[in-house]
Amino acid sequence: MRIKTNWKQIATFIIACCLSVILAAPSFAATKTIKGFKFDHSKTGFALTGNHATARCESCHINGIFKGTPKQCSSCHVNGNRMNASARPVGHIPSSDKCETCHIPSSWTPASFSHNGVMGGTPCAACHNGKSAPGKPANHIQTSAGCESCHKISGWLPATGFNHQGITSGCASCHNGTTAKGKSANHIQTTAPCETCHTSTTTFLGAVKFDHTGITGNCASCHNGTKAKGKSASHIPTTAACETCHTSTSSFLGAKYNHSGVVSGCATCHNGKTAIGKPITHIATTAACETCHTSTTSFKGAKMNHTGITTGCATCHNGKTAIGKPSTHIATTAACETCHKSTTSFKGATMNHT
């Protein structure tokens, strides 16, 4: 029985064996001459560069089979591949890009990453979680919004198109004067968080939900007649701070009054309406209260000054409030000032027989 010889198969086998020997060399360039035989691997459509140039031929050409050897990275570098090539790790970013878009044959890392191939709809936080890629820093603003709401793929900073949506607290973590605009120099003294009063995320003005909780001083920084209601025109002249007397943050009334800093203008309050004023029996005078009354705790003990007194002497000089007519005084119904012209002595009176 004659066996039919398949010369085509024999020829293919011989060529494969020869190439296996040639390509088994430890390394070669795009074109290598071995025993007079030149082989240019780039003509196969896969140039050997980087680590592929030092790889042994049989690591890719399993069992000496050349035909059908994959040329795409993703065909070899997958889990369970025949070539025992490193595969994409479980924590790899979700991307539809080809391996060579980011990686180079010499090494997987560092990768020249491009966000262009990131699968649509994939949230940034899927990678930027502090493990696969840098995530939120410790001082990041408190927000549940996705990274892409503010950050662009070209760079984290500057964050453009910022949107406060989802931010409910922790304003001061950004609004600290460094990351973002913080309290102004003339801001009221308070330990309350920004969001306690500032309810708008587009402007600091119009803080309608105002709460005085935590405010202990510097009331005038707001209560200046511009930002908030200030001193009225009839307010007593004083250099004392508002909080010196006004202890309520809901009303200006019921102030625990303190005369510290009050040097004049007593009558602006002591007018019988705002505070007790001159009694009906007060001596007739146009002098200011503080001319005689030097105590802010009592009206008594006034250092009497007759300046400005022209009539009504008997209202005080009645023998009770001040010395009055002696028993030896001439009998008369005339007013004291009719004869007595001096306010320092009763002597030297000009007698008038009228």
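Every heavy atom of this structure was used, including side-chain atoms; hydrogens, water molecules and symmetry mates were not. Remember, predicted model here, so these are calculated numbers, not experimental data.
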Smallest separation among heavy atoms of [X] and [Y], with atom names:
{"X": "G170", "Y": "S173", "result": "O-OG, 2.5 Å"}
{"X": "H41", "Y": "F46", "result": "ND1-O, 2.7 Å"}
{"X": "K181", "Y": "H175", "result": "O-ND1, 2.7 Å"}
{"X": "N51", "Y": "S107", "result": "ND2-N, 4.4 Å"}
{"X": "E195", "Y": "C171", "result": "OE1-SG, 3.1 Å"}
{"X": "H340", "Y": "A349", "result": "ND1-CB, 3.5 Å"}

Pair N63-E58, side chain to side chain contact (heavy atoms under 4.5 Å, CB included): steps then yes or no: CA-CA 7 Å; N63 297 325; E58 60 269 24; over 6 Å; no
Is a side-chain donor or acceptor of K71 paired with a backbone partner of T44 at a separation under 3.5 angstrom? yes
Between N224 and T226, is there a donor-acceptor pair closer than 3.5 Å when you use the side chain of the first and the backbone of the second? yes
side-chain contact (heavy atoms from CB on, under 4.5 Å) against S86, all qualifying residues, sequence neighbours excluded: H77, W108
At what distance, to the nearest 0.5 angstrom, does [atom1] of [X] lie from [atom2] of [Y]?
{"X": "H317", "Y": "I323", "atom1": "NE2", "atom2": "CD1", "value": "8.5 Å"}
{"X": "C269", "Y": "H235", "atom1": "SG", "atom2": "NE2", "value": "7.5 Å"}
{"X": "C124", "Y": "H151", "atom1": "SG", "atom2": "NE2", "value": "9.0 Å"}
{"X": "K229", "Y": "C222", "atom1": "NZ", "atom2": "SG", "value": "15.5 Å"}
{"X": "N318", "Y": "K325", "atom1": "CG", "atom2": "NZ", "value": "11.5 Å"}
{"X": "H103", "Y": "K98", "atom1": "NE2", "atom2": "NZ", "value": "14.5 Å"}

Show your reasoning for whether side chain to side chain contact (heavy atoms under 4.5 Å, CB included) applies to E100 and Q72. CA-CA 9 Å; E100 56 268 28; Q72 301 296 329; 3.7 Å; yes
What pairs of donor and acceptor atoms, side-chain ones from residues 287-294 against any protein atom, are under 3.5 angstrom apart with sequence neighbours left out?
from : atom 1 : to   : atom 2 : distance (Å)
E290 : OE2    : G265 : N      : 3.1
T291 : OG1    : A288 : N      : 3.4
T291 : OG1    : A288 : O      : 2.9
H293 : ND1    : F299 : O      : 2.9

Neighbour count >12 (heavy atoms, 6.0 Å) for atom NZ, K67: no
